[in-house]
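Naming: A, B, ... by sequence-line order, numbering from 1 per chain.
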Amino acid sequence: MPRYDFRSIESRWQQYWEDNQTFQVQDCVADREKLYVLDMFPYPSGEGLHVGHPEGYTATDIVCRHARMRGRNVLHPMGWDAFGLPAEEFARQKGIHPRIKTEENIETFRRQLKMLGFSYDWNREISTTDPDYYRWTQWIFLQIYDTWYDESHEWTGPDGVSRTGRGRPISELPVPAEVSAKGDSAVRRYQDKHRLAYLSEAPVNWCQELGTVLANEEVIDGRSERGGHPVERLNLKQWKLRITAYGDRLGDELQDLGWPESIKYMQRNWIGRSTGAEVDFAVAGGDDSPTEWLQQRTADGFPDEQAAGTIRVYTTRPDTLFGVTYMVLAPEHPLVDQITTDEQRGQVEEYRRTAALKSDLDRTDLSHQKTGVFTGGYAWNPVNGEKVPVWIADYVLISYGTGAIMAVPGHDERDHEFATQFGIPIVQVVQPATETAEPVDIQSAALTELGVAVNSGEWDGMPTAECKQAITAALSERGVARQAVNYRLRDWLFSRQRYWGEPFPIWHELDDNGEPTGLMRPEPIESLPVPHPHVEDFKPTGTPEPMLSKASEDWLYRTDSDGVRLKRETNSMPQWAGSCWYYLRFCDSRNSNQFIDPEKERYWLPVDLYIGGAEHAVLHLLYARFWHKVLFDRGLVTHPEPFRRLVNQGMILGENGEKMSKSRGNVVNPEEVVEQRGADALRLYEMFMGPLEQVKPWQTSGVEGVYRFLGRVWRLIIDDRAEQNQLDAAVTEDAPDENQQRMLHKTIKAVSEDVERLSFNTAISRMMEYTNFLYEQSTRSRQLLEPLVLLLSPFAPHISEELWNALGHDQTLAYEAWPAWDESLLVESTVEIPVQVCGKLRGRITVAADADSAQMQAAAEADPGVQKHLEGKTVIKVIAVPGKMVNFVAR
RNA sequence: GCCGGAGUGGCGAAAUGGCAGACGCGCCGGAUUCAAAAUCCGGUAGGGGUAAUUCCCUGUGUGGGUUCGAGUCCCACCUCCGGUACCA
């Protein structure tokens, strides 16, 4: 017993915390400052915990336990991101309902996490798969569905910041008179086109193997992120969320967040805002310049939508319009059919077919070899009336900009490569601004840098930046161009075809023939949640037809009070949905009337510290911010951003320095570590390995090291040869001496500051040094030991509770005051400082701590070692920094 | 290709521009033990020197620079890791 017996100690204190509800937290405590510390909640896989989980979780636990001891009211919850494919795959193979498997996995995760002694308030536990939870996920979807984005709305939010652009109720959408005139259905269709959640038919990433479509974010090199299965493009009607409406705010409001710069950068990149112009090229019918068309445009102005007989392009370089020698449409571009001449039709059709079959992987994999086909058609360049050939090529993407480009091979690398390959002329219209450069050979490489316009008629000599503006302005006046902003970010493809996700709370109206009319009705709020239907088997349909369409008639259909026959939406939401708002629900997880109580929202939010893996840098974190901003605009939350500070823990590699994986056989199971050395040792080791944010390899011998340290702390206090838990004979009630006092206070200071910087590895080092110091002392005052136990407690809570108890306290130490240090006790009367001669260390002197430069110099000059090195040299200069060092510059 | 981050003992790593390698692992030696485990104490960057020492030289990826002084700041390059890739 008196040996350090982590098994009995850890289970005893875990039981104690549970019995006493030690970490249950009260909401809205007015007199205590709140702290909301959040872990990225895990997907409860069948594998159980891996060592990466406890890394971030231990870090947040230390922060929380420390903060409680500093008197903060701490919200520290845990839950499960439990929808997803694996449970459904399991169901398909074993015939067991995904819910059952999911609950089993959650049980394992919960047991394993409890085994590690984290101070979560388990009363707030949530699972995204719980109907009481996804009821509100569906509810939030309906809020998004009920919202349109008013770009010009100026307003000041509850945060006191003025913004332009706001998500507003769809009922406030101005409806043009000509639409209203067409009646109710027309108005509803008009509204549907403006909602933040909308149905659209578009090419999507369909994965046959997984039986679902995937978001762009889930497709990597033409394969599914999960499983690496091939993905093809299909035209399907899918739900999308208009995240692009928030592109600017998602980019701009990153500014003030306490996030790693790299993550902010990645998000900005992902959003990929660019500015330029949209320009219309008239399709050439014959050889006559489109004079009439131009006159008409000058009178009518630039149409909102691309008009018949024109090709609209997006360019960031309107200054290069005079260098356009051809145009390219994406193979899927709707104009291709019209523009293609009969001679070319065969080739064009053939090209379109192969392009459609190509996955994105094939499109990028062919070492960037450009392909394309001339359509036979031409268009008029609006700046100079030149006739340019129109091609199709798959290097132009239908999903970006207008799906069509003006090609300027002289000043764009991709166009240059294409033009070279197909023998299309290359024209220079920009030259470097500096004269010194040798002549540019535009035929051999594109000049993409900014410069000065040439061969551009009236614009010659104008610098690029200015020229972009000037040409756009001139063309705008003639109704053939306008300024435009584009995003790399696409609207978020939000539907999936799988069973184990949130059903959509949407009904489709059917006509008398049972065909959808295209009009929709939301599920009434009071009848949420929309539950999962019973299905007989979990085999994918093998087609893009969703799993939920296998449901029984009474789930699929109903007749509304006005007699309209309705069919349920059978798509389901992606896994991201539940994780978009879970941090809100933790504040009020048992509320059955609201998704969150506004008072609790104001008290707890934003999350003060959010720790998780960098793999969520763009997806989860961008989606969650987007939802949050919609809720903010709708007045449902009061802070514009959900996560004030973000920290990414570095990945833990296997002992061989490679990524841990089953196939590499280097996976470390945390449960085994706990069985062998205890939870405290595991926690301590994970924090001792190195800086939290750094990637670092696992070393089992390192666990041994911290385990030994815990044993040393134990024996510092407990007599391990006694039969009973009793204090070691060296523990006294005497007051510590000055030197001991100083060591204690130095340690308190260092550990406190390190914890605040999340520099846990150095904090642990400090405690080790202090422990080593105490071993050198013949007696150990209780006053030296109790603070150590408190300092250690956030890191290794079980052993600390046990020692605290052995020192005679009968309450948990979780709410004991964190030790304070006294600066006045830190000062030493003398200090040892280095002496350098010409920057080289030549001796050490001991001087009074407050010695000034002159005293230090005198002491240094008196040092025999220093004298030896100054011999025969002339001292030119002496640098003496009080308390730091002395340096003689000599020749 | 582009954008980040990082290169320090045998290993994980420390170091507001001021004694490089704290702390831990491993290894070596000692104590304890019949012996071992466990534990406790000491040593441990490399090279050289000395009877011995608080001796000397070299050293933070490479090459330059700034500075009295650089692992730390600046420039160029090399390597590794991560992100991203036809976004017009």
Side-chain angles (χ1 to χ4, degrees), chain A residues 3 220-221 260-263 265-266 269-270 272-274 276 313-317 320 328 360 363-364 366 368-370 393-397 399-408 411-415 417-418 486-490 614-615 617-618 648 650-651 653 655 657 659 684-685 688-691 693-706 708-709 711-712 715 720-721 759 761-772 775-776 832-844 863-865 868 876-881 883-890:
Chain A
R3 293 268 301 254
I220 292 164
D221 291 338
E261 283 307 315
S262 59
I263 302 287
Y265 180 85
M266 281 166 73
N269 244 11
W270 192 264
R273 183 182 202 267
S274 75
V313 301
Y314 171 72
T315 178
T316 56
R317 294 293 302 272
T320 60
V328 184
D360 279 0
R363 275 197 177 195
T364 54
L366 298 169
H368 287 210
Q369 184 82 351
K370 298 272 184 296
D394 66 4
Y395 82 91
V396 172
L397 308 175
S399 49
Y400 184 77
T402 58
I405 62 156
M406 57 180 227
V408 186
H411 304 284
D412 180 283
E413 281 168 12
R414 296 152 299 181
D415 297 345
E417 193 189 328
F418 190 87
N486 248 300
Y487 299 91
R488 209 191 84 115
L489 180 72
R490 313 286 155 77
E615 66 272 18
V618 275
N648 292 123
M651 200 180 5
L653 307 174
E655 285 203 83
K659 216 169 179 164
L684 208 58
Y685 174 63
F688 187 62
M689 292 173 81
E693 301 189 61
Q694 194 168 300
V695 177
K696 40 209 178 273
W698 181 271
Q699 278 187 312
T700 298
S701 58
V703 182
E704 200 57 34
V706 294
R708 285 210 278 259
F709 164 66
R712 275 166 75 77
R715 287 185 298 276
D720 72 336
R721 277 159 305 193
S759 180
N761 55 331
T762 52
I764 294 166
S765 297
R766 294 307 200 130
M767 290 188 277
M768 286 173 167
E769 281 179 276
Y770 182 61
T771 301
N772 292 344
Y775 264 83
E776 291 163 18
E832 194 190 60
I833 60 167
V835 181
Q836 297 175 348
V837 176
C838 297
K840 281 197 159 107
L841 178 69
R842 294 303 182 190
R844 297 184 179 84
D863 185 83
K868 198 175 80 190
I876 301 163
K877 193 175 173 186
V878 181
I879 292 123
V881 184
K884 287 275 193 236
M885 46 74 66
V886 180
N887 187 13
F888 292 94
V889 186

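Of the candidate nucleotides B/C23, B/U84, B/C19, B/U84 has the atom lying nearest to any side-chain atom of A/Arg488. You'll find that the side chain of A/Lys370 is closest to B/C86, out of B/C86, B/C41, B/C23. The nucleotide whose nearest atom lies closest to any side-chain atom of A/Gln694 is, among B/C19, B/A13, B/G12, B/A13. When each of B/C68, B/A22, B/C41 is scored by its nearest atom to the side-chain atoms of A/Tyr775, the top-ranked nucleotide is B/C41. When distances run from any side-chain atom of A/Ile405 to the nucleotides B/G18, B/A88, B/A13, the shortest one goes to B/A88.
In this structure, CZ of A/Arg712 is placed 13 Å from C1' of B/A38, rounded to the nearest angstrom. One interatomic measurement links the two molecules: CD of A/Glu693 to P of B/G12, which rounds to 19 Å at whole-angstrom precision. Per the geometry, CE belonging to A/Met885 stands 15 Å off P belonging to B/G17, to the nearest Å. Whole-Å rounding puts the A/Lys877 NZ to B/C68 C1' distance at 6 Å. Between A/Met768 atom CE and B/G12 atom C1' there is a gap of 12 Å when expressed in whole angstrom units. Between the C1' atom of B/A88 and the CZ atom of A/Phe418 lies a distance of 14 Å, rounded to the nearest Å. Atom CZ of A/Phe709 and atom P of B/U39 are 14 Å apart (whole Å). Whole-Å rounding puts the A/Ile764 CD1 to B/C25 P distance at 13 Å.
Summarising the base pairing, B/C68 is matched to B/G18 through a Watson-Crick or G-U wobble pair whose two defining distances lie under 3.5 Å. Judged by Watson-Crick or G-U wobble contacts below 3.5 Å, the nucleotide B/C34 has no partner. The pairing partner recorded for B/A13 is none, the criterion being a Watson-Crick or G-U wobble arrangement whose two distances lie under 3.5 angstrom. Remark: B/U44 base-pairs with B/G26; criterion is Watson-Crick or G-U wobble with both hydrogen-bond distances under 3.5 Å. Using Watson-Crick or G-U wobble geometry with both donor-acceptor distances under 3.5 Å, B/U79 finds its partner in B/A6.
Here, B/G65 and B/A70 have their C1' atoms 11 Å apart, quoted to the whole Å. One P atom belongs to B/C56, the other to B/G49, and the distance between them is 16 Å to the nearest Å. Between B/G59 and B/A45, the two C1' atoms lie 8 Å apart (nearest whole Å). Here, B/G10 and B/U60 have their P atoms 13 Å apart, quoted to the whole Å. Separating the P atom of B/G26 from that of B/A37 is a span of 13 Å, rounded to the nearest Å. Taking atom C1' in both B/U8 and B/G12, the straight-line distance is 12 Å, to the nearest Å. B/U67 and B/G18 are spaced 12 Å apart, taking the C1' atom of each and rounding to whole Å. B/C55 and B/G4: their C1' atoms are spaced 47 Å apart (whole Å).
Scanning all heavy atoms of the two residues, the minimum distance from A/Leu841 to A/Pro834 falls at CD1-CB, 3.5 Å.
Going from atom CD of A/Gln699 over to atom CE of A/Met689 covers 7.5 Å, rounded to the nearest 0.5 Å. Distance check: A/Arg712 CZ to A/Asn772 CG gives 4.5 Å after rounding to the nearest 0.5 Å. Put simply, OG1 on A/Thr700 and OH on A/Tyr685 are 7.5 Å apart, with the number rounded to the nearest 0.5 Å. One finds the OG1 atom of A/Thr315 at 3.5 Å from the CE atom of A/Met406 (value rounded to the nearest 0.5 Å). We find the OH-CZ distance between A/Tyr400 and A/Arg490 to be 8.0 Å, quoted to the nearest 0.5 Å. Atom CZ in A/Arg842 sits 10.0 Å away from atom CD in A/Gln836 (nearest 0.5 Å).
As judged by a 4.0 angstrom heavy-atom cut-off over every strand, A/Glu769 is placed among residues touching the sugar-phosphate backbone only. Within 4.0 Å of A/Tyr487, counting heavy atoms only, lies no atom of the nucleic acid at all. In this structure, A/Lys696 reaches the sugar-phosphate backbone alone: every heavy-atom distance under 4.0 Å involves primed, P, OP1 or OP2 atoms, never a base. Residue-level contact check: A/Ser399 touches neither bases nor backbone, having no heavy atom under 4.0 Å from any strand.
Donor-acceptor pairing under 3.5 Å is lacking for the side chains of A/Arg488 and A/Asn269.
Dashed line: the shortest gap from a side-chain N or O of A/Asn761 to OP1 or OP2 of B/A14 is under 4.0 Å. In this structure, A/Thr762 does not reach the B/A22 phosphate: none of its side-chain N or O atoms is under 4.0 Å from OP1 or OP2. Not one side-chain nitrogen or oxygen of A/Arg3 sits closer than 4.0 Å to the OP1 or OP2 atom of B/A37. Under 4.0 angstrom from either OP1 or OP2 of B/A15 there lies no side-chain N or O belonging to A/Arg766. The shortest distance between the side-chain N/O atoms of A/Asn772 and the OP1/OP2 oxygens of B/A22 is not below 4.0 Å. In this model, the phosphate group of B/A38 is not approached by any side-chain N or O of A/Arg715 to a distance below 4.0 Å at OP1 or OP2.
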- [ ] Using the side-chain contact (heavy atoms from CB on, under 4.5 Å) rule, take A/Phe688 and A/Met768 through it: C-alpha gap first, then chi angles, then the decisive distance, then the call.
- [x] CA-CA 11 Å; A/Phe688 187 62; A/Met768 286 173 167; 3.9 Å; yes
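Each of A/Arg317 and A/Ile833 was matched to the nucleotide of RNA chain B holding its nearest heavy atom; the match closer to the 5' end belongs to A/Ile833. Heavy-atom nearest nucleotides on RNA chain B were determined for A/Glu776 and for A/Val886, and the one closer to the 5' end corresponds to A/Val886.
A/Glu413 CD: 12 or fewer foreign heavy atoms inside a 6.0 Å radius.
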Show the distances under 3.5 angstrom between N or O atoms of the protein and N or O atoms of nucleotides 53-55 of chain B.
none

Between N or O atoms, less than 3.5 Å apart, protein on one side and nucleotides 2-9 of chain B on the other: list the pairs.
| from | atom 1 | to | atom 2 | distance (Å) |
| --- | --- | --- | --- | --- |
| B/C3 | O2' | A/Tyr265 | OH | 2.8 |

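B/G83 shows a glycosidic angle more than 90° from 0 and is accordingly assigned anti.
Looking at A/Asn486, its side chain never comes within 3.5 Å of a backbone N or O of A/Ser274 through a donor-acceptor pair. Here the side chain of A/Asp415 pairs a donor or acceptor atom with the backbone of A/Val408 at under 3.5 angstrom.
With sequence neighbours left out, A/Arg317 forms a side-chain hydrogen bond (donor to acceptor under 3.5 Å, both in side chains) with A/Asp319.
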